[in-house]
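Inspection log for the structure reproduced underneath, given as structure tokens.
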Amino acid sequence: MPTSPSKNVIPVGILYSVSGDYAVIGREMLNGILLAIEEINANPNYNFTLAPVVRDPGGSLDKYHQYCHDLLHRHGVRHLIGCYTSAARKTILPLVEAANALLWHPARYEGFESSNSVIYLGATPNQHVIPLLRWLLQEHDAEIYHVGSNYVWSWEMDRITREAVTAAGGSVVESKLLPLGEEDVSELIADIITRRPKVILNTMVGKSAYSFYRAWHQASQHQPWLNQPLKLSMTLCEPEVQLIGAAALEGYLVSASWFQSIDNAANRDFLRCYRQRFGDQVSPSVDSQSAWLAGYLLARAIARHGNAEVDGVRQAVLQDEMDSPAGPIRIDADNNHCWLTPHLARCHAGKLESFWQADAPVKPDPWLAWTDLDHLGKGGANA
């Protein structure tokens, strides 16, 4: 990437798995941050250049640890952007904290964490789990069969869901969590057919999720009942719809802070630039948009503070507000998480079509300290 000799060069570590079980998401997240860096470096208003140092851990937690250590201690990186799974984030967090570095974490996650060494740009439970459950409790019988991947994301999704729907008179009739990367879902689908729940909640990630969606669709050709349950996802996003195929995902309801279908000027500009850079065949996800946003918030904070020193950048980003593709955003000074506008979308003809959004950005509540789970069925989202 060409640089101007008059500009200070600031290395930025980037850790995304563009190979392995969730490579499709990793690639789109990498695209998002690289697009932001290219745009920032081409902007004469910034008197510095961001130099990406990219590593692909391939989904391996050992490699996340190894590459993070290398970025911090051999390359002198103090700002890292990356991680999709919470397992990866939790693996590198002690290294980041010990080095007084800053991790810009774009992915939505399960909450129950707040580190002074992380700027959390993804949705917290009250910004993506709670809106979907509130809608469900108002519109349907909440008799839920939860399928997920066996790690912290699905563990916490299960706990939050149980607490919320039980208080409202619903139930989680079963939770089945498969090992990350497990693709044999035949017994799982057979058990669902036996139990006949009214709602399927899917928190699987990567290849496990793709296998489940396809196997469910195939089984539904011979088991018509499989077309009856309401199907919810906390993880599905546009590039996965493109990968899996529209027919297998028709009717799924998805909760996220961003969809391609959001109609505002910033989002139209983002999608146009993204496709000009990477081609019309690409399909950015909510995490792509958040990775792009991480680059801009970092650059704006460096410019505001005057250099890339971590403590100053951390304070500077708390003073920023931005009209992003997802709507107005800012970082909350109480917990380093992002104010975001929740959206719900329905998958139809291969597109995630937003059908509801909150009236305004929602304060992040990673610990669910202010969220009353006992009254989710009263008021709120309606389709």
Side-chain angles (χ1 to χ4, degrees), residues 1-18 26-57 64 67-84 89 92 95-96 99-107 117-122 266 269-270 273-274 276-278 284 287-325 329 331 336 338:
M1 183 180 298
T3 62
S4 168
S6 64
K7 289 189 174 185
N8 183 35
V9 177
I10 300 169
V12 178
I14 299 177
L15 280 171
Y16 282 127
S17 292
V18 297
R27 169 56 63 184
E28 296 298 340
M29 296 177 86
L30 178 61
N31 286 350
I33 181 55
L34 291 181
L35 175 63
I37 289 176
E38 289 174 8
E39 293 174 343
I40 291 160
N41 290 348
N43 189 336
N45 293 325
Y46 293 108
N47 65 355
F48 55 84
T49 294
L50 299 181
V53 186
V54 181
R55 296 292 181 268
D56 171 19
Y64 270 102
Y67 292 159
C68 180
H69 187 277
D70 181 68
L71 289 168
L72 293 170
H73 298 289
R74 188 162 74 87
H75 292 275
V77 164
R78 285 298 169 265
H79 295 278
L80 298 101
I81 297 171
C83 298
Y84 173 56
R89 186 190 68 257
I92 70 169
L95 295 174
V96 176
N100 189 32
L102 198 57
L103 171 64
W104 300 72
H105 180 60
S117 295
V118 184
I119 302 297
Y120 302 85
L121 300 175
D269 287 344
F270 169 71
C273 293
Y274 195 97
Q276 284 179 349
R277 173 61 180 85
F278 300 108
D287 304 304
S288 312
Q289 186 270 158
S290 293
W292 177 89
L293 183 60
Y296 268 96
L297 288 178
L298 170 59
R300 289 158 64 108
I302 293 172
R304 181 185 293 269
H305 178 59
N307 61 54
E309 182 262 331
V310 167
D311 291 337
V313 167
R314 184 190 295 112
Q315 290 304 311
V317 77
L318 298 179
Q319 303 170 45
D320 199 3
E321 294 186 11
M322 183 175 173
D323 285 327
S324 78
I329 63 96
I331 303 300
N336 283 1
C338 195

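- Here the CG atom belonging to L80 is positioned 6.5 Å from the CG atom belonging to L103, to the nearest 0.5 angstrom.
- Taking CZ of R314 as the reference point, atom CD1 of I331 lies at 12.5 Å (rounded to 0.5 Å).
- Note that CZ of R89 and CG of L15 are 13.5 Å apart. Values are rounded to the nearest 0.5 Å.
- Taking every heavy atom of both residues into account, G13 and L71 meet most closely at CA-CD1, 4.0 Å.
- With hydrogens and angles disregarded, no donor-acceptor distance shorter than 3.5 Å links the side chain of N8 to the backbone of F48.
- Of all heavy-atom pairs between V310 and L102, the closest is CG1-CB, 4.2 Å.
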- Query: Can you check side chain to side chain contact (heavy atoms under 4.5 Å, CB included) on V313 and N307, steps first, answer last?
  - Reply: CA-CA 8 Å; V313 167; N307 61 54; 5.6 Å; no
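- Between Q289 and S324, the shortest heavy-atom distance links the atoms OE1-OG, 3.8 Å.
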Exercise for review: Step by step, work out the side chain to side chain contact (heavy atoms under 4.5 Å, CB included) result for F278 and R27.
Suggested key: CA-CA 11 Å; F278 300 108; R27 169 56 63 184; over 6 Å; no
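- The distance from the OH atom of Y67 to the CG atom of L95 is 14.5 Å, given to the nearest 0.5 Å.
- Pairs of residues two or more places apart, or lying in two chains, that qualify as side chain to side chain donor-acceptor pair (under 3.5 Å) and include a residue from residues 292-303 are E39-W292, E39-Y296, R300-D320.
- With hydrogens and angles disregarded, no donor-acceptor distance shorter than 3.5 Å links the side chain of D287 to the backbone of M29.
- Taking CD from E38 and CG from L50, the interatomic distance works out to 11.5 Å, rounded to the nearest 0.5 Å.
- At a threshold of 4.5 Å between non-hydrogen side-chain atoms, the residues I119 and L297 do not count as touching.
- Other residues, nucleotides and ligands place no more than 12 heavy atoms under 6.0 Å from the NE2 atom of H69.
- Going from atom CZ of R55 over to atom OG of S17 covers 13.5 Å, rounded to the nearest 0.5 Å.
- In this structure, S290 contributes its side chain and G122 its backbone to no donor-acceptor pair below 3.5 Å.
- For the residue pair A266 and D323, the shortest heavy atom distance occurs at CB-O, 3.8 Å.
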(request) Go through N31 and S288 one step at a time and tell me if the side chain to side chain contact (heavy atoms under 4.5 Å, CB included) criterion holds. (result) CA-CA 7 Å; N31 286 350; S288 312; 6.0 Å; no
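- The aromatic rings of H105 and Y120 lie perpendicular to each other, with more than 60° between the two planes, well past the 30° mark.
- Here the closest heavy-atom approach between residue P106 and residue A294 is recorded as CG-CB, 4.4 Å.
- Within the 4.5 Å cutoff, the side chain of I37 has heavy atoms near those of the I14 side chain.
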*Pair W104-V317, side chain to side chain contact (heavy atoms under 4.5 Å, CB included): steps then yes or no*: CA-CA 11 Å; W104 300 72; V317 77; 3.9 Å; yes
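- Across every non-hydrogen atom of G295 and I40, the tightest pair is O-CD1, 3.3 Å.
- Between the side chain of H79 and the backbone N or O of A308 there is at least one donor-acceptor pair closer than 3.5 Å.
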